[in-house]
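Here the structure comes first, spelled out in structure tokens, and everything after it is commentary.
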Amino acid sequence: MQNQLPIVAIVGRPNVGKSSLFNRITADARPSSAHPKQIAVVNDRPGVTRDRNYADVKWGKTPFTIVDTGGMDVDPDDPLIDNVQLQVDHALAEATLVVFVVDVRAGVMPHDIIVADKLRASGKPILLVANKADSVSLEMDTAEFYRLGLEEPVLTSCVQNIGVRQLLDQVVEILPEVDDTSENSSKPIKMAIVGRPNVGKSSILNSLLGEERMIVDNRPGTTRDAVNIRFVYQNIPFELVDTAGMRRKSSIKDELESETVQRAIHSIRQSDIAALVLDVTQELAQQDKTIANFIARNGKASVLVLNKWDLVEKDNATHGEFMSQIEAQVPQLDYVPKIFVSALTGQRVSKVLDLALDVHREYCTRIPTPALNELLLELRTAHPPPRVKGTRPALKYITQIETQPPTFLIFGRNTHRVRPPYTAYLINNIRSAFGFHGTPIRIFYRRN
């Protein structure tokens, strides 16, 4: 389900600098970005990268997808680490080219030899990268890496940005030529899957994709990076973003977790649609409401995904009671469609994408100006804006100035005196007349 660009997988044992190299490549191979950002979380703690992290890049005239993977451990004693190895195996299976990263300062370690044997057995082209070559003396210490039975290593230093461009030159020499004209023909719908830790975000993503694409573990905080996955559903390209669980700032004691939460916030800002996942077996928490506020405040279309519905004892009134409870506790998302799912059984999970398509259409809807002004005339006739300090605002003309989210501009006299309740009245009636299911509506005023 991935796109058809050749895939370059970065592999190696833990803490050799794979994510640092991934960040360097995504920065250097994205010439359109004046201020490139780090995509993978980088931390000195081994095992930070757990899921496969993808980014589309282009070097020269050659586009490709770069994949960051978790460290390849031997004989893992942690089931989560075992899942990391499974993700690495998946990345190797789909890779066109493998970049095998070792630490020039540490020299050849026993794990490096085992990883090299595994990579050679894959039959894939391999580029050996001796990373952390931060000084001339270290550049001379590469002879022992010939023991791995691979070609001469490419020396890099991600800290000093040494050797990365030379590595990219070798990468594109090996990769097949790709006609990338179709890649930009349609922009994917970007949907961020967000929520508190351990509500089932990664399980839902796995169910949507029909594969164990994301690591699922019952410990909160399994997902570190915001990981982007592209695929096609009903001939429409999607890009899903699985984010780290968002906790209250007061609960964040760890610097690494703080960074992952910031990435989750960034993912919402960069998305078209936010799928807010709630656990129906738990009471709605303040953090759920905070995330809902953040989604609405940033003008994002959204879907409420109520997970673990299979664990709830039900009768004929259960569904209605839950709906009333959610609408009462998260009134800022009263316009958002809600769907009860079970990521464990797959119940109704595919319907999340159908809802996302419906919501995205509403998000992109533009209403003709005559229809808007006909509605405005009806509304102000039925309920004129209240007087403020003896003066009544006069609303003369309305037009839609933007989509994503739908944004309207109203011209008139004394428009600065229009109060929020009247704006809410206008928004509710615009929604009743024209839909905009699942998307916020913004209204601005201008005096004339």
Side-chain angles (χ1 to χ4, degrees), residues 186-194 233-239 268 271-278 291-306 319-320 322-324 326-328 330-341 348 350-383 385 395 397-411 418 420-445:
S186 59
K187 183 180 177 183
I189 298 172
K190 184 176 288 189
M191 183 166 73
I193 300 177
V194 299
Y233 179 73
Q234 293 188 2
N235 297 317
I236 296 174
F238 270 84
E239 183 171 336
I268 292 176
S271 68
D272 301 308
I273 301 172
L276 174 55
V277 182
L278 304 178
I291 298 170
N293 274 331
F294 187 84
I295 293 169
R297 192 167 65 248
N298 281 269
K300 301 301 177 182
S302 52
V303 175
L304 275 180
V305 182
L306 306 169
H319 183 275
F322 267 92
M323 289 291 285
S324 298
I326 294 297
E327 290 170 0
V330 196
Q332 61 271 50
L333 296 183
D334 61 351
Y335 55 85
V336 171
K338 302 161 185 68
I339 182 169
F340 291 84
V341 306
R348 283 190 292 275
S350 65
K351 298 296 183 182
V352 173
L353 293 178
D354 294 325
L355 270 182
L357 286 174
D358 291 341
V359 166
H360 191 261
R361 279 190 288 268
E362 303 284 293
Y363 196 49
C364 300
T365 295
R366 185 176 291 274
I367 306 301
T369 298
L372 287 171
N373 281 282
E374 182 178 342
L375 176 65
L376 179 62
L377 176 61
E378 293 176 4
L379 296 180
R380 75 187 187 206
T381 301
H383 297 285
L395 307 183
Y397 180 82
I398 183 173
T399 186
Q400 185 173 355
I401 57 174
E402 286 184 4
T403 62
Q404 304 185 43
T407 305
F408 301 88
L409 181 62
I410 297 179
F411 296 86
V418 177
Y422 195 79
T423 299
Y425 162 72
L426 295 176
I427 288 174
N428 290 337
N429 280 277
I430 288 173
R431 196 181 299 284
S432 296
F434 303 114
F436 296 116
H437 195 44
T439 177
I441 294 174
R442 290 176 171 174
I443 292 180
F444 297 98
Y445 299 93

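We use all heavy atoms of the structure for the numbers below, so side chains are in, but hydrogens, waters and symmetry mates are not.
Between P370 and E374 the shortest side-chain heavy-atom distance does not fall below 4.5 Å. Between Q404 and C364, the closest side-chain pair of non-hydrogen atoms falls below 4.5 Å. No side-chain heavy atom of L306 sits less than 4.5 Å from a side-chain heavy atom of F322. Side-chain contact check for Q332 versus I295: every heavy-atom pair is 4.5 Å or farther apart. Counting heavy atoms from C-beta on, the side chains of I398 and L375 never come closer than 4.5 Å. Residues V359 and Y335 fail the side-chain proximity criterion, which asks for heavy atoms closer than 4.5 Å. When side chains are defined from C-beta on, K300 counts as touching Y363, because their heavy atoms get closer than 4.5 Å. Looking only at side-chain heavy atoms (C-beta outward), V418 and L395 come within less than 4.5 Å of each other.
Environment of CD in E378: crowded, with over 12 heavy atoms of neighbouring residues, nucleotides or ligands closer than 6.0 Å.
The structure places CD1 of I401 at 11.0 Å from OG1 of T369, a figure rounded to the nearest 0.5 Å.
By the 30° and 60° cut-offs, the orientation of the rings of Y397 relative to F411 is tilted. Classification of the F436-F408 ring pair by plane angle, with boundaries at 30° and 60°, yields perpendicular.
Applying the side-chain hydrogen bond (donor to acceptor under 3.5 Å, both in side chains) definition to pairs two or more places apart or across chains, none involves residues 432-441. Residue pairs satisfying the salt bridge (charged side-chain N to carboxylate O under 4.0 Å, His left out) criterion with at least one member in residues 351-363, sequence neighbours excluded, are listed as follows: D358-R361.
One N or O on the side chain of Q400 and one on the backbone of I367 form a donor-acceptor pair closer than 3.5 Å. The closest donor-acceptor contact from the side chain of K338 to the backbone of V336 lies under 3.5 Å.
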Take S350 and Y233 through the side chain to side chain donor-acceptor pair (under 3.5 Å) test and state the conclusion after the steps. CA-CA 10 Å; S350 65; Y233 179 73; 5.3 Å; no
